[in-house]
Amino acid sequence: MLQNEIKECFIELGQFLEQFSTENYTKNDTVKNNSLFYNQMVDLIDLSQSHNGWFTKENVCFSLDSWAKALTKENIEKWLSAYDFSTVKEKTVGLILAGNIPLVGFHDFLSVLITGHKALIKTSSNDQHLIQFLSKYLISLDQRFQDKITFVEGKLENFDAVIATGSNNTARYFEFYFKEKPSIIRKNRNSVAILTGKETQEDLIHLGEDIFRYFGLGCRNVSKIFIPKEYRFDSFFNAMFTYQDVIKYDKYANNYDYNKAVYLMSNYKLLDNGFLTLKEDENYASPISSVFYEYYENENEVAEKLQKDVDKIQCIVSKNPILKSIQFGQTQKPNLWDYADNIDTIAFLTTI
């Protein structure tokens with residue numbers, strides 16, 4: 001397949017996904033193959049939470065909306081314009097996907113196919129239905145995708161390169177098992193926000209989106225905040241109150257109760273609003289329903305710490321452009337060119 005043909009299919013896929021950008025859905029009869037796939041997609045979204053209790057209809061639709069907005073001709077052209085594909089020869093790339101949030105591995109899937117390679121995919125049991133369904137839609141647009149997309153249940157075999165995402169523990173296994181192959185191995189990362197105390201209420205409400213979207217399960221979710229000495233939490237908690245309904249989800253509520261109990265039994269000092277706990281901690285990876293905080297003297301001090309720990313950080317939310325940060329509320333709205341772990345996937349795929 002020519003790259004332009006692959007691009008066109010993903011643009012069509014974006015138009016298909018756009019119908020499911022909100023929980024109300026908006027059917028567009030001009031979308032290709034809608035008669036075959038629209039109702040099936042509705043059923044799949046409705047069943048997603050039964051497959052994975054964290055995959056609420058709201059969060060699945062948010063993910064689909066993000067991809068619908070990403071998969072436009074303008075975005076794809078802008079993304080790929082920086083690369084030279086003239087020397088790329090088709091290879092089989094193994095993908096070991098995570099499953100913490102809906103379609104978390106879709107960017108790797110897209111990157112492999114759009115660079116002209118074949119994708120050999122091992123999905124997470126937590127997120128196996130959505131990406132397989134979207135693959136079927138792509139195949140319906142062009143049957144040649146049938147030879148380019150393969151899903152496997154056992155271990156990966158007969159591949160030329162691999163992109164694997166997992167924990168720090170599984171990464172050690174991946175690094176050993178795939179040591180003879182070109183690879184990208186992703187480990188645990190977390191995202192942070194740097195507050196100055198001068199944020200508006202709107203800023204802090206947007207920060208709540210960075211914290212609570214997908215229940216905080218993504219590496220792009222803010223799990224820690226840096227705050228100046230004498231910071232007052234009143235405005236922060238007032239803004240977080242916008243997201244109080246999160247406690248209505250049993251899995252989140254169970255985590256909140258458990259983690260709070262563990263903290264209290266350990267005599268940790270906590271700030272608590274009934275659905276979110278704040279704990280002073282130098283670590284980055286806070287448990288579900290909790291955010292760590294750490295005081296700082298000045299922002300340069302924080303910048304130095306984050307630079308030292310760059311391999312642990314996915315996103316930095318701040319109004320300070322020096323930190324190469326992103327705006328409040330944007331962590332779970334990455335562009336196609338915002339690469340996980342800051343590793344350029346397309347550059348890797350054009351050189352294997």
Side-chain angles (χ1 to χ4, degrees), residues 98 100-101 104 165 167-168 171 186-233 235-237 239-240 242-243 246 255 259 263 268-273 275-335 338-343:
N100 48 320
I101 65 175
V104 66
T165 304
S167 66
N168 290 342
R186 302 201 185 99
K187 305 177 183 179
N188 290 344
R189 292 211 179 201
N190 296 97
S191 297
V192 303
I194 304 171
L195 306 183
T196 64
K198 298 179 181 179
E199 289 76 23
T200 66
Q201 191 72 356
E202 184 180 16
D203 289 334
L204 294 174
I205 290 173
H206 287 158
L207 174 61
E209 172 72 15
D210 297 326
I211 293 171
F212 291 107
R213 174 59 60 190
Y214 303 126
F215 300 106
L217 288 166
C219 63
R220 297 182 68 90
N221 285 107
V222 169
S223 57
K224 180 172 183 173
I225 57 175
F226 289 90
I227 53 177
K229 295 285 187 179
E230 310 303 327
Y231 182 83
R232 296 180 62 85
F233 284 95
S235 295
F236 176 87
F237 275 123
M240 295 306 109
T242 305
Y243 302 90
V246 70
N255 276 269
N259 290 318
Y263 285 155
Y268 287 122
K269 182 182 177 181
L270 293 180
L271 298 173
D272 177 28
N273 68 353
F275 60 89
L276 176 70
T277 58
L278 292 182
K279 174 177 176 285
E280 186 173 2
D281 199 306
E282 291 187 356
N283 294 307
Y284 295 109
S286 61
I288 295 170
S289 77
S290 184
V291 170
F292 291 158
Y293 67 91
E294 183 176 340
Y295 290 108
Y296 67 84
E297 296 288 347
N298 59 72
E299 286 188 79
N300 289 334
E301 169 191 324
V302 182
E304 290 177 9
K305 177 182 175 68
L306 296 180
Q307 183 58 43
K308 179 182 177 182
D309 293 335
V310 64
D311 291 340
K312 300 178 182 178
I313 304 300
Q314 192 69 260
C315 302
I316 301 172
V317 178
S318 168
K319 286 192 170 181
N320 187 342
I322 299 175
L323 297 169
K324 297 182 179 179
S325 57
I326 59 179
Q327 295 297 307
F328 292 98
Q330 298 300 307
T331 61
Q332 290 297 351
K333 300 175 183 178
N335 294 304
D338 293 328
Y339 294 106
D341 295 10
N342 296 315
I343 299 173

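Keep in mind that what you see is a predicted model, and the values were worked out from it rather than measured.
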Strictly distance-based, threshold 3.5 Å: is any side-chain N or O of K224 a donor or acceptor partner for the main-chain N or O of E282? yes

For residues S318 and Q327, report the shortest heavy-atom separation together with the two atoms involved. O-NE2, 4.2 Å

Using side-chain heavy atoms (C-beta onward) and a distance below 4.5 Å, is I326 in contact with R220? yes

Could you tell me which non-hydrogen atom of S286 sits nearest to which non-hydrogen atom of S223, and how far apart they are? OG-O, 2.9 Å

Quick check on Y268: does its OH atom have over 12 non-hydrogen neighbours (other residues, nucleotides or ligands) under 6.0 Å away? no

Applying salt bridge (charged side-chain N to carboxylate O under 4.0 Å, His left out) to E280 and K269, what does each step give before you reach the verdict? CA-CA 8 Å; E280 186 173 2; K269 182 182 177 181; over 6 Å; no

Check for a donor-acceptor pair, side chain of D210 on one end and backbone N or O of T331 on the other, with a separation under 3.5 Å. yes

How close do G329 and E209 get, heavy atom to heavy atom, and via which atoms? O-CG, 4.1 Å

With a 3.5 Å distance limit and no angle check, can you tell me whether N168 reaches the backbone of N188 through a side-chain donor-acceptor pair? yes

Option passing side-chain contact (heavy atoms from CB on, under 4.5 Å) with F236 (candidates I227, L271, L276): L276

Pairwise distance CG(N300) to CG(N320) - rounded to 0.5 angstrom: 8.0 Å

Would the distance check show the side chain of N298 and the main-chain N or O of E301 forming a donor-acceptor pair, the cut-off being under 3.5 Å? yes

Give a yes or no answer on whether the side chain of N100 reaches the backbone of L217 with a donor-acceptor pair at less than 3.5 Å. yes

Should we say atom NZ of K279 is surrounded by more than 12 heavy atoms from elsewhere, each under 6.0 Å from it? yes

Indicate the ring-plane relationship of Y243 and F212, choosing parallel, tilted or perpendicular according to the 30° and 60° boundaries. parallel

Let me have the donor-acceptor pairs involving side chains of residues 305-312, under 3.5 Å, with sequence neighbours excluded, atom names and distances please.
residue: D309; atom: OD2; partner: Y284; partner atom: OH; Å: 2.7

Do L278 and F237 have side chains that approach each other closer than 4.5 Å (heavy atoms only, starting at C-beta)? yes

Write down the atom of N221, the atom of R213, and the distance for their closest heavy-atom approach. ND2-O, 2.8 Å

Heavy-atom closest pair, residues Q332 and I101: OE1-CD1, 4.0 Å

Student check: side-chain heavy atoms of Q314 and D341 closer than 4.5 Å: yes

Start with the C-alpha gap between V291 and I211, add the side-chain angles, then the distance that decides, and say whether side-chain contact (heavy atoms from CB on, under 4.5 Å) holds. CA-CA 8 Å; V291 170; I211 293 171; 3.9 Å; yes

For Y293 and F233: C-alpha separation, side-chain torsions, deciding distance, then whether ring pair (Phe, Tyr, Trp, His ring centres under 6.0 Å) applies. CA-CA 11 Å; Y293 67 91; F233 284 95; 5.3 Å; yes

Taking the ring of F226 and the ring of Y296, is the distance between their centroids below 6.0 Å? no

Less than 4.5 Å apart, side chain to side chain, heavy atoms only: is that true for K319 and T196? no

Distance from S191 atom OG to I316 atom CD1, nearest 0.5 Å? 9.0 Å

Can you measure from CD1 (I205) to CZ (F328) and round to the nearest 0.5 angstrom? 12.5 Å

How far apart are the closest heavy atoms of N259 and I288, and which atoms are they? ND2-O, 2.9 Å

Test log, rule side-chain contact (heavy atoms from CB on, under 4.5 Å), inputs V302 and V192: CA-CA 11 Å; V302 182; V192 303; over 6 Å; no

